[in-house]
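For reference, the structure is listed below as structure tokens.
It should be emphasised that the depicted structure is a prediction, and the values quoted were computed from it without experimental measurement.
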Amino acid sequence: MLSGLGNPRQAAAQLMNFGLILSTAFMMWKGLSVITDSPSPIVVVLSGSMEPAFQRGDLLLLWNRNVLSETSVGEVVVYNVKDKDIPIVHRVVRKFGTGPDAKLLTKGDNNLSDDTELYARGQDYLVRKDIIGSVVGYLPFVGYVTILLSEHPWLKTVMLGIMGLVVVLQRE
Amino acid sequence: MANSQEKITVYNLADLKNTSDDAIPNYLNSLKFTPSHRLTDVRLALGYSAFALAAACFLWDYKFGFESTKTYTAAAVAVYTALNTFLTFWILYIEKGTIYQGTSPDGQSKIRISSSVKKHVPIYHLTVEAETATKDGMRKEKVVLKQPFTDWFDASGRFVAAPFQTMLATGIPVVGRFDAKRVAASSEGTTAYTPEMLDALASAEVATGTESKKTKRRKA
């Protein structure tokens, strides 16, 4: 693999192949974002607040376009709260008004009370633009990998080590 | 990689092919052929512009967020897809495994060599397309060569230049014109090298002298 380094064009081509793997993965993610109109079209469920519908580690696919109807009561949505960086997956339980300014109230299926406590200080309801997508599909358990990686950072080091070893041992 | 001291694993087909591929430009350039890098340069330009676009997209997304930049992101995704599709097309249908493109020292012939191997079969396939200017227009010729790698790798994985160059000079008329001493007599062919001779040639090239050489028995 390192044999081409003497030849600048061959070295450039090897570097390019590596770069294109990264950029293609990134652009596929961005393409999915553009299609679903959501900044983060795939999210992982981090808590049990939506059990029995979704469990920790489920991977959710989101859709953020209102093509046929607006977001309405009963839909499971993912929303962001100002100054909190973790998106929340809960169900819309109340809706007042229509259009982009409709006031929405959410609640976790497994929680005793609604989400007003989770919202920002002084915020009593959500509006459409707080929502980054409605759940349209899910894959159980797959997201556990990312939960493990974020809860046990040393696993990232181990994984990088293994990947590096594979690259070194497998020359093509 | 074409230096004969470097040993490769003889069971690794990719190594065999890459080493042979690298030896062809070395040989032809030593015969004063002028290489043309147009195919590679176009591929690099396509690939790096696609990568630069993705990097730019990453930067504006990181800096300004998704909502305010999504029109640009959509355009970037479309252009990136187009560039990558064209790159794939270029590699599959235009480059077609070309490893050398160049002009002969007298400027009369243009030559293009592509190589391939079939999975698990240690045979080197070369397709050579040559265009020679004659007084009645361009004469095109196409030569297909098939040779087992054992002809120019010895048992320990050393690349031996002489039989490899003989194969090229004998098989490709354009190359033969500029390296007459390597052209094998037609009756003999290029398979005249026995494994023992390969070893001897390899040692001669390495010229370590003191290396104790085991006799290697192998069916050619």
Using the salt bridge (Lys or Arg N to Asp or Glu O under 4.0 Å) criterion, which residues pair with R43(B)? Sequence neighbours excluded. E95(B)
What residues of residues 38-64 of chain A sit under 4.5 Å from chain B when only non-hydrogen atoms are counted? S38(A), P39(A)
Residues of residues 18-29 of chain A near chain B, each having a heavy atom less than 4.5 Å away: G19(A), L20(A), S23(A), T24(A), F26(A), M27(A)
Judged by modelled atom types alone, do T98(B) and R112(B) share a side-chain donor-acceptor pair under 3.5 Å? yes
So do Y27(B) and V175(B) actually touch side chain to side chain, heavy atoms under 4.5 Å? yes
Do the charged groups of K129(A) and E67(B) touch, with an N to O distance under 4.0 Å? no
Quick check: are there more than 12 heavy atoms from other residues, nucleotides or ligands sitting under 6.0 Å from NZ of K110(B)? no
Does the cation-pi check pass for K103(A) over Y125(A), that is, NZ or CZ under 6.0 Å from the six-membered ring centre and within 45° of its axis? yes
Which one, L44(B), N84(B), L53(B), leads in non-hydrogen pairs under 4.5 Å with chain A? L44(B)
So for D37(A), is it side chain, backbone, both, or neither that comes closer than 4.5 Å to the heavy atoms of chain B? both
Please verify the inter-ring angle class for F149(B) with Y124(B); under 30° counts as parallel, over 60° as perpendicular, anything in between as tilted. tilted
Is a donor from one side chain sitting under 3.5 angstrom from an acceptor on the other, for S115(B) and D21(B)? yes
Counting only heavy atoms closer than 4.5 Å, note whether T73(B) contacts chain A via side chain, backbone, both or neither. both
Going by atom types alone, do Q108(B) and T132(B) pair a side-chain donor with an acceptor below 3.5 Å? no
Against chain A, label L13(B) side chain, backbone, both or neither, depending on which of its atoms sit under 4.5 Å from a heavy atom there. neither
Ring-plane angle category for Y62(B) and F58(B), please: parallel below 30°, perpendicular beyond 60°, tilted otherwise. parallel
Would you call E129(B)-K142(B) a salt bridge at under 4.0 Å N-O? no
Could you state the interatomic distance from CZ (F153(B)) to CG (D15(B)), rounded to the nearest 0.5 Å? 8.0 Å
Can you tell me which portion of A55(B) sits under 4.5 Å from chain A's heavy atoms? Options are side chain, backbone, both or neither. neither
Let me know if L15(A) has heavy atoms under 4.5 Å from chain B in its side chain, its backbone, both or neither. both
Applying a strict 4.5 Å limit to non-hydrogen atoms, the region of Y80(B) in contact with chain A is side chain
What are the residues of residues 99-106 of chain B, in order of number, with any heavy atom under 4.5 angstrom from a heavy atom of chain A? none
Could you tell me whether F51(B) and Y48(B) have their ring centroids closer than 6.0 angstrom? no
Pairing of K181(B) and D179(B) as salt bridge, 4.0 angstrom limit: yes
Closest approach of V127(A) to L104(A) (non-hydrogen atoms, all atoms of both residues): C-CD1, 4.4 Å
Would D41(B) and R9(A) pass as an ion pair if we require N to O under 4.0 Å? yes
Please round to the nearest 0.5 Å and tell me the distance separating atom CZ of R91(A) and atom CG of D114(A). 15.0 Å
In terms of heavy-atom pairs under 4.5 Å with chain A, which of A50(B), P25(B), A76(B), C57(B) leads? C57(B)
